[in-house]
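Below is one structure; the comments refer to it alone.
Chain A is the first sequence line, chain B the second, and so forth, proteins listed ahead of strands; every chain is numbered from 1.
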Number of protein chains: 2
Amino acid sequence: MADVAKLAGVSHQTVSRVLNGAPHVRPGTRDKVLAAIRELDYRPNSAARALVTRRSQTLGVVSFASTLYGPASMLDGIEQAARSAGYFVSVASLRSLDARSVQEAVDRLRDQGVEGVAVIAPQISAVGAVARLSSSVPVVAVGSGSRSRVPMVAVDNLTGATAATRHLLDLGHGTVHHVAGPAGWLETQDRLDGWRRTLEEAGAPVPQVYSGDWSARSGYEAGLRIAADPEVTAVFCANDHMALGLLRALHEAGRPVPGEISVIGFDDIPESAYFTPPLTTVRQDFGELGRRALELLVEEVAGVGHARSHVLVAPEMVLRRSTGPARGLA
Amino acid sequence: MADVAKLAGVSHQTVSRVLNGAPHVRPGTRDKVLAAIRELDYRPNSAARALVTRRSQTLGVVSFASTLYGPASMLDGIEQAARSAGYFVSVASLRSLDARSVQEAVDRLRDQGVEGVAVIAPQISAVGAVARLSSSVPVVAVGSGSRSRVPMVAVDNLTGATAATRHLLDLGHGTVHHVAGPAGWLETQDRLDGWRRTLEEAGAPVPQVYSGDWSARSGYEAGLRIAADPEVTAVFCANDHMALGLLRALHEAGRPVPGEISVIGFDDIPESAYFTPPLTTVRQDFGELGRRALELLVEEVAGVGHARSHVLVAPEMVLRRSTGPARGLA
DNA sequence: GCTTGCCATGTGAACGCAAACAATTACACT
DNA sequence: AGTGTAATTGTTTGCGTTCACATGGCAAGC
């Protein structure tokens, strides 16, 4: 910076002012400085700036299962929004979701000097852990269920699950079976609740719940059991990947979809439209979730009050061919 | 740090020595310092350290299409490896792949002070852009094709494509059609080359190439045209998502797979085993790719020579039910 | 007993920048 | 011309580390 100042014939402070867009710099002076900067290909040193301003311009993201479509999309949305807000993004991904790992990841990010952390870790224990240490750095949760003590942005899983269940009921199905996500996840819980409540309100029996781990494989395994149950005519899968596995199992068992069994998923991953048959599902816009979360985080970092700490984004049902009227009603 | 020094009754320099594991610190002294650190919950300031050491302990990742399974998995692998190597990871994702965007992303990272950059940007133009500016910071490319001028780690697309094509030929198919990825991608080119070369070596006719953009939708569109062509009995898709779309189109057109047409994909995403029918494909271990790339980058940063600058990871064929003998041979 | 040399620790700078404050200049208005 | 105010620029300080060097102590060797 001293070199730039010398070349431009001003003090380093004036260079600093130009760099930071401070007022009261004469245009001519600014131009000289700018020219010198270009001439020397000068780059401000972010470490020095961070040291004195105590602001790193960096936000942290704790992410889990980041190879899945949902988390990856949220991360992408976060990065986009962070960039427009002028922040860098540092990632720490989790291998497991216990409180210790989360603690560790957040510590790691904090040691790096991030000004805030977004957590894509939709497990109940994780959110608890995060809440406990959010004292030192602002934290927001992304895509988690509704019970978090920290500010968060999520899709309205309850409403989505209700819509899905309702849809199948309206099609004339006596009840709707459910393939849930793994225990401990906030999404799992909310979708389960929405499903159960809708059934109860409709006076429909609440059948036993099948449980998976979000993977197609687990959906397939649930599907094998479902296919063997002649009672089942409608299934709500807690995500599209499991629905894919379910579809596969049903196909192998010679149970036509939607002829004998209707299937609805959740997420609307880009592939869902090309399943066999194309999957009716509940769309959540993960990218949007990430963006909104980041906006919230930026507000927190800036010290704006937590006016709208809990943001719920409405999901949207996407009708395709995997759902149809109950048998005998066609 | 001064507080810690005072509490421990030593100088700040001794605290620094303890922190950095420097030799010549008496165990008793070390313990006192450690105790003081714990007592005060002291955290070293990374900005100050970066300022004086000129090392940020941060590596950058430029990523494109990071919501796709491949890039997301590579990012994940990179993050893992970076953590074990003691580095933080900062991400910059690209919206478009022109040289300007890449330039911008790398600049952004460099301004942040990263010590090296891994580029998940498998487009020819991107790699060119990166090569040009790799002077200031070490750069490695991940998952790109083989023609890059910067060090890189990739799956051996040529071999993979050859194996896929060979497999179908061996099954008795007269030739193999190809649904390629978008132009300009290194993977696209290498898989295309492998396919074409294998056909030529086998003396099989080289049919017209269908082109997609990696998405299931584009595979579906190619599939519509392929289904209408009675000549086609075997198709090699440049990735699994397009294969899914193709499968869908074939199914709709009443062309059984593998009865009438065999289909093979590339990638082996976790869902491929649950397609209808389960997809034969060529597996690439994206996570491993990311890890290897990061190791290479760390070596570069450390200044170790470029002995093994180009790492090719062998892909592995996964046989499932979407491929079978040619008609008349069953 | 007095050097020699290694250990253990302390002292003073410097890293590159922005904040606080000081100084100078320009301009309007009396 | 004289005063006041705002605009523009400069000077100094310190952010929290590590680095280079200085210092004191203690053991071994003569």
Side-chain angles (χ1 to χ4, degrees), chain A residues 1-37 39-58 86-88 107 110-115 136-137 302, chain B residues 1-58 86-88 107 110-115 136-137:
Chain A
M1 185 155 118
D3 298 340
V4 174
K6 198 186 306 170
L7 180 57
V10 299
S11 75
H12 59 120
Q13 180 58 277
T14 299
V15 176
S16 173
R17 275 190 266 261
V18 171
L19 249 28
N20 296 291
H24 309 318
V25 174
R26 199 178 302 166
T29 310
R30 166 184 276 94
D31 291 345
K32 270 192 303 186
V33 172
L34 256 19
I37 287 176
E39 165 85 15
L40 298 174
D41 191 30
Y42 161 79
R43 311 255 166 188
N45 178 312
S46 63
R49 173 177 298 182
L51 179 58
V52 63
T53 60
R54 307 170 153 292
R55 312 205 56 214
S56 62
Q57 302 282 59
T58 301
Y87 283 96
F88 299 110
D107 280 352
R110 195 175 49 176
D111 286 350
Q112 196 193 358
V114 299
E115 296 179 34
S136 54
V137 170
Chain B
M1 186 156 117
D3 298 341
V4 174
K6 198 186 305 172
L7 181 59
V10 299
S11 74
H12 61 121
Q13 179 58 272
T14 299
V15 176
S16 173
R17 275 191 265 261
V18 171
L19 249 27
N20 296 292
H24 308 317
V25 175
R26 200 177 302 165
T29 311
R30 180 193 312 285
D31 291 346
K32 270 192 302 184
V33 172
L34 256 20
I37 287 176
R38 208 151 327 120
E39 165 84 15
L40 299 174
D41 191 30
Y42 160 79
R43 313 254 165 188
N45 178 312
S46 63
R49 174 176 296 182
L51 179 59
V52 61
T53 60
R54 306 171 155 291
R55 312 205 58 213
S56 62
Q57 302 282 59
T58 302
Y87 283 97
F88 298 110
D107 279 353
R110 195 174 48 176
D111 286 351
Q112 196 193 357
V114 299
E115 296 179 33
S136 53
V137 170

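Contact detail for A:Ala8 and A:Ala36: the closest heavy-atom pair is CB-CB, 3.9 Å. B:Ser11 and B:Ala5 get closest at one heavy-atom pair: C-CB, 3.7 Å.
If B:Arg17 and A:Thr53 are placed on DNA chain C by their nearest nucleotide, the residue sitting closer to the 5' end is B:Arg17.
Atom-to-atom, NE2 of A:His24 to C1' of C:dA18 comes out at 17 Å; the value is rounded to the nearest Å. The CZ atom of A:Arg55 sits 13 Å away from the C1' atom of C:dA18 (whole-angstrom rounding). In this entry the distance linking CG of A:Asn45 with P of D:dC15 reads 18 Å, nearest Å. For the pair B:Arg54 CZ and C:dC17 P, the interatomic distance rounds to 10 Å; values are reported in whole Å. Distance B:Asn20 CG to D:dG16 P: 17 Å, rounded to the nearest Å. Atom pair A:Leu19:CG and C:dC17:P shows a separation of 8 Å (rounding to whole Å applied). A:Arg49 has its CZ atom 18 Å from the P atom of D:dG16, to the nearest Å. Rounding to whole angstrom units, CG of residue A:Asp111 and C1' of D:dG16 are separated by 15 Å.
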Original post:
A:Val18 and A:Thr29: side chain to side chain contact (heavy atoms under 4.5 Å, CB included), yes or no, with the steps?
Top reply: CA-CA 9 Å; A:Val18 171; A:Thr29 310; 5.8 Å; no
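Nearest to the side chain of B:Leu51, among D:dG16, D:dT17, C:dC17, sits D:dG16. Out of D:dG16, D:dT18, C:dC17, the shortest distance to the side chain of B:His12 is found at D:dT18. With C:dC17, D:dG10, C:dC15 as the choices, the nucleotide that has an atom nearest any side-chain atom of A:Ser11 turns out to be D:dG10.
A:Arg30 comes within 4.0 angstrom of nothing in the nucleic acid, heavy atoms only. Nucleic acid contact for B:Ser46: none, since no nucleic acid atom lies under 4.0 Å from a heavy atom of the residue. B:Pro23 comes within 4.0 angstrom of nothing in the nucleic acid, heavy atoms only.
A sub-4.0 Å separation between OP1 or OP2 of D:dT9 and a side-chain N or O of A:Thr29 is present. Contact check, A:Ser16 against C:dA18: a side-chain N or O comes under 4.0 Å of OP1 or OP2.
Of the candidates A:Arg54, A:Arg55, A:Arg110, A:Arg55 is the only one forming a side chain to side chain contact (heavy atoms under 4.5 Å, CB included) with A:Glu115.
Residue A:Gln13 places no side-chain atom within donor-acceptor reach of the base of C:dA18, judged by atom type and a 3.5 Å distance cut-off alone.
Note that the CE atom of B:Met1 and the CD atom of B:Gln13 stand 6.5 Å from one another [nearest 0.5 Å].
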